[in-house]
Amino acid sequence: MRLPFFYGWVVVAVTFVTMAIGVNARTAFSLFFPPIISEFGWERGVTAGAFSFGFVVSGVVSPLIGRLMDRAGPRAVMELGVVLMGGGLLLAPLTSAPWHLYVTMGVMVGAGSVCLGYSGQSLFLPNWFIRKRGFAIGIAFAGVGIGSVTLLPWVQHLIEQTGWRTACTAMGLLVLIVLAPINLLLRKRPEDIGLQPDGDAAPAAGAAKSVSNIVDPVWTGTEWTLRRAVATARFWWIALGYFCGLYIWYAVQVHQTKFLLDIGFSPSAAVWALGIVSLLGIPGQIVLGHVSDRIGREWVWAIGCAGFVVCFAALIALKYQSSLWLVYLMVFTQGALGYGLTSIMGAVVFEVFQGRHQGSIFGTIMLAALAGGAAGPWVTGLLYDRAGDYTLAFAVAMIVSGLSALSIWRASPGKVRAVAGRLHKPKPGFQ
């Protein structure tokens, strides 16, 4: 039975819900952290190390998840993520020693989050859209922001009323009960069920050939394996751009609250700032995803990086003038502009290395991205310890932001495949 609308929007809806629950289930560790310390009296470093260890696990398994996607498709990857994350959350309440936390909240939840989060979804969602690729991914990834303002307050309420163990169990059940059945609806590409990307009708025999989005037919005609991709400059430019992108993302996300407290803002104002960033990320991802379909991925990546530059500049200025307007500027540029990077991460790789091995290639590039996410908070903290304040660290992050924009510009996905908004302009190499 054919649906009255394109099945790709079902895939977007499933991804939206999966991101809302899956990503925030991992983020909820920050809510479990204080009561776990209070109960066991463990050192903060040892306890927080479970989350950091999960980040390492995420990086290690990312290329493996890409390979599994190429071979078995999204349902296998997502259901594996559901089992790992749900199982980790359900077993975590049995914790009585630090290593229990590392196995459950670290290894299991960390590995599950790669499947259910940005990395896993970007391995197949871009297949479903070409003209509206950025817009569709932006909508799907906006689920993270919706989940953060609905699920996390619910989890905090459960912790306060019934304790962290009950809250953790409830989150694990939510992952299993909701995500396990809906992810059975996924398919890797529209051709698997007799459809075309964007819901277009299959070309009729003898019909006029539609305008191709291919700019470089030699490049797109290559069978891109991981080995071939790694041998190209484009692969390393994208890897560097993504490393720098997640570096700046997590550098500010981890340190901005402590910075605002250090310069005299109240805890409520600091928490408010962090929450509003996530809220602004919802329209930011959708709008910038749509804009990228019109003007190109390179331009939107540059806009996102420029948002982070202004964000870090505002933070530096706040040290000398504690103005709420600077806080508003920092929050807006970080959330509405900077968070738009995620809406095109999958699109960039797919438009450059589209083919049977695109999952393996993307998973390997995400290894570099996750390394940047781990390096950002650490280097920023290290520079603070050496300099005595955040000025040098934030200035370095501004330089890294520029390097990220330059890298994606050098990778130039628009010189391989044009976005929909550029198709009306004649380009050399079009078929």
Side-chain angles (χ1 to χ4, degrees), residues 14-30 49-89 91-92 102-126 137 140-141 143-144 147 171-172 175-176 179-180 183 186 188 226 238-239 242-243 245-247 249-250 253 341-343 345-346 348-350 357-377:
V14 171
T15 302
F16 181 97
V17 176
T18 300
M19 296 284 282
I21 297 175
V23 173
N24 287 292
R26 184 183 186 184
T27 304
F29 180 86
S30 62
F51 184 82
S52 300
F53 186 63
F55 218 104
V56 174
V57 171
S58 298
V60 171
V61 304
S62 184
L64 302 178
I65 296 301
R67 186 167 299 181
L68 178 61
M69 180 68 73
D70 288 337
R71 295 182 177 180
R75 284 180 292 179
V77 171
M78 295 303 135
E79 297 300 349
L80 174 62
V82 168
V83 171
L84 287 171
M85 178 170 282
L89 290 167
L91 290 172
Y102 277 67
V103 171
T104 56
M105 299 297 283
V107 174
M108 297 181 70
V109 174
S113 69
V114 177
C115 302
L116 302 177
Y118 293 102
S119 296
Q121 309 296 342
S122 295
L123 290 170
F124 69 94
L125 186 56
I137 295 175
F141 286 5
V144 176
M171 201 66 192
V175 168
L176 291 174
L179 300 188
N183 276 282
L186 294 178
K188 187 176 181 180
L226 178 58
I238 296 173
Y242 285 13
F243 175 93
L246 263 67
Y247 177 105
W249 184 301
Y250 284 101
Q253 187 180 92
L341 296 183
T342 58
S343 65
M345 289 184 78
V348 168
V349 178
F350 272 46
H357 305 283
Q358 60 197 20
S360 299
I361 296 170
F362 182 82
T364 304
I365 288 176
M366 284 306 296
L367 180 60
L370 292 169

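Note that this is a predicted model, so its numbers are computed, not measured.
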Who passes side chain to side chain donor-acceptor pair (under 3.5 Å) against [X], sequence neighbours left out?
X	value
Thr104	none
Asn24	none
Thr342	Gln285
Glu79	none

Qualifying residues under ring pair (Phe, Tyr, Trp, His ring centres under 6.0 Å), relative to Phe16, sequence neighbours excluded: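 Checked Phe16 against ring pair (Phe, Tyr, Trp, His ring centres under 6.0 Å); zero matches.
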
Residue list, ring pair (Phe, Tyr, Trp, His ring centres under 6.0 Å) with Phe141, at least two apart or on another chain: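 Phe141 satisfies ring pair (Phe, Tyr, Trp, His ring centres under 6.0 Å) with Tyr118 once adjacent residues are dropped.
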
Close side-chain approach of Ser62 and Leu370, heavy atoms under 4.5 Å: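 A side-chain contact exists here, since the closest heavy-atom pair is under 4.5 Å.
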
Note, Val109 side chain near Met171 side chain (heavy atom, < 4.5 Å):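 They are not in contact (no side-chain heavy atoms under 4.5 Å apart), so the answer is no.
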
Parallel, tilted or perpendicular, as decided by the 30° and 60° cut-offs, for the rings of Tyr102 and Phe53: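 Answer is tilted, since the angle falls between 30° and 60°.
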
Go through the structure and list residues passing side-chain contact (heavy atoms from CB on, under 4.5 Å) with [X], not counting sequence neighbours.
X	result
Leu186	Val11, Val14, Pro74, Arg75, Met78, Phe124, Asn183
Val23	Met19, Thr27, Val144
Ser113	Arg26, Ser58, Met85
Ala76	Ala72

Where at least one partner belongs to residues 357-369, residue pairs that pass side chain to side chain donor-acceptor pair (under 3.5 Å), sequence neighbours excluded: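 The answer is Asp70-Ser360, Asn127-Gln358.
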
Nearest-0.5 Å distance that lies between atom CG in Leu84 and atom SG in Cys115: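 Between atom CG of Leu84 and atom SG of Cys115 there are 6.5 Å.
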
Tyr242 side, atom OH; Leu367 side, atom CG - distance, nearest 0.5 Å: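 So the gap between those two atoms works out to 14.5 Å.
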
